[in-house]
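Here's the structure we're looking at; comments come further down.
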Amino acid sequence: MNRWLYLICTVALLFLTSCIAASTSASNPIEEADDDTPVALLFSDADNPEKEQETIYYDALIELSSSHPDEMPQLVIVDSSEQDKIQYFDIDQFPTILCLDGDDVSLRIEGTNKKEEILMLLSNLLELNLKLGQV
């Protein structure tokens, strides 16, 4: 009887650990992410009742792209339905902007912010990248 119980527990444990390994991915799920090209990810939730907060993020990105058209990183909008990307980048709230340099997150802006704060943080990052010759 003990052998059967041991065998059943072992098989169940192996089955459960294989499910965990299949559900988590170690590779970056953003196809656009390239080691040479900076990428800005905007995590958006169309069902968010606070749509004006997302509008502030969009306005900041539009203003920044008009003032720095050549330095802007590639923009990728990630919808809240894309759970693999949300889990990979550990997104807790919407909207969120992540600036990626390869696989490294160089800037993370989450939740409620003023347009001026978003612009300042993104501008500082762009200026830093220009000084380092990355953009």
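Quick caveat: nothing in here was measured; it's all calculated off a predicted structure. Residues take their numbers from the sequence shown, with the count starting at 1.
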Study note, to complete from the structure: By side-chain hydrogen bond (donor to acceptor under 3.5 Å, both in side chains), Thr96 pairs with (sequence neighbours left out) none
Only distances under 3.5 Å count here; give the side-chain donor-acceptor pairs of residues 75-83 to other protein atoms, sequence neighbours excluded, each with its distance to 0.1 Å.
residue	atom	partner	partner atom	Å
Asp79	OD2	Ser81	N	3.1
Asp79	OD2	Ser81	OG	2.8
Ser80	OG	Asp45	OD1	3.0
Glu82	OE1	Lys85	NZ	2.7
Glu82	OE2	Asp79	N	3.1
Gln83	NE2	Ser80	O	2.9

Point to revise | Closest non-hydrogen atom pair, Ser66 against Pro69 | key: O-CD, 3.8 Å
Review point. Between Leu125 and Cys99, which heavy-atom pair has the shortest distance, and what is it?
Key: CD2-CB, 3.5 Å
Practice item. Decide yes or no for Leu122 and Leu61: does some side-chain heavy atom of the first lie under 4.5 Å from some side-chain heavy atom of the second? Key: yes
Review point. Which is it for Ser123 and Leu64 under the side-chain contact (heavy atoms from CB on, under 4.5 Å) test, yes or no, and what are the steps along the way?
Key: CA-CA 7 Å; Ser123 295; Leu64 190 67; 3.3 Å; yes
Study note, to complete from the structure: Taking every heavy atom of Pro73 against every heavy atom of Pro38, the minimum-distance pair comes out as CB-O, 3.4 Å
Review point. Is there side-chain contact between Leu41 and Leu100, with at least one heavy-atom pair below 4.5 Å?
Key: yes
Study note, to complete from the structure: When every non-hydrogen atom of Arg108 is compared with those of Ile91, the smallest separation belongs to NH2-CD1, 3.5 Å
Point to revise | Side chain to side chain, Ser44 and Pro95, heavy atoms closer than 4.5 Å | key: no
Point to revise | With Glu63 via salt bridge (charged side-chain N to carboxylate O under 4.0 Å, His left out) - residues at least two apart | key: Lys115
Check your understanding: Asn113 side chain to Glu110 main-chain N or O, any donor-acceptor pair under 3.5 Å?
Key -> yes
Practice item. Output, in order, the C-alpha distance, side-chain angles, deciding distance and verdict of side-chain contact (heavy atoms from CB on, under 4.5 Å) for Tyr57 and Ile62. Key: CA-CA 9 Å; Tyr57 277 71; Ile62 290 169; over 6 Å; no
**Study point:** Rounded distance (nearest 0.5 Å) linking atom CD of Gln93 with atom OG1 of Thr112
**Key:** 7.0 Å
Revision key, fill the gap. Between Phe94 and Phe43 the two heavy atoms that sit nearest each other are CD2-O, 3.5 Å
Check your understanding: side-chain contact (heavy atoms from CB on, under 4.5 Å) between Leu126 and Asn124: does it pass, once the steps are laid out?
Key -> CA-CA 5 Å; Leu126 286 177; Asn124 289 344; over 6 Å; no
Check your understanding: Step by step, would you call Ile118 with Asp59 a side-chain contact (heavy atoms from CB on, under 4.5 Å)?
Key -> CA-CA 10 Å; Ile118 298 168; Asp59 289 345; over 6 Å; no
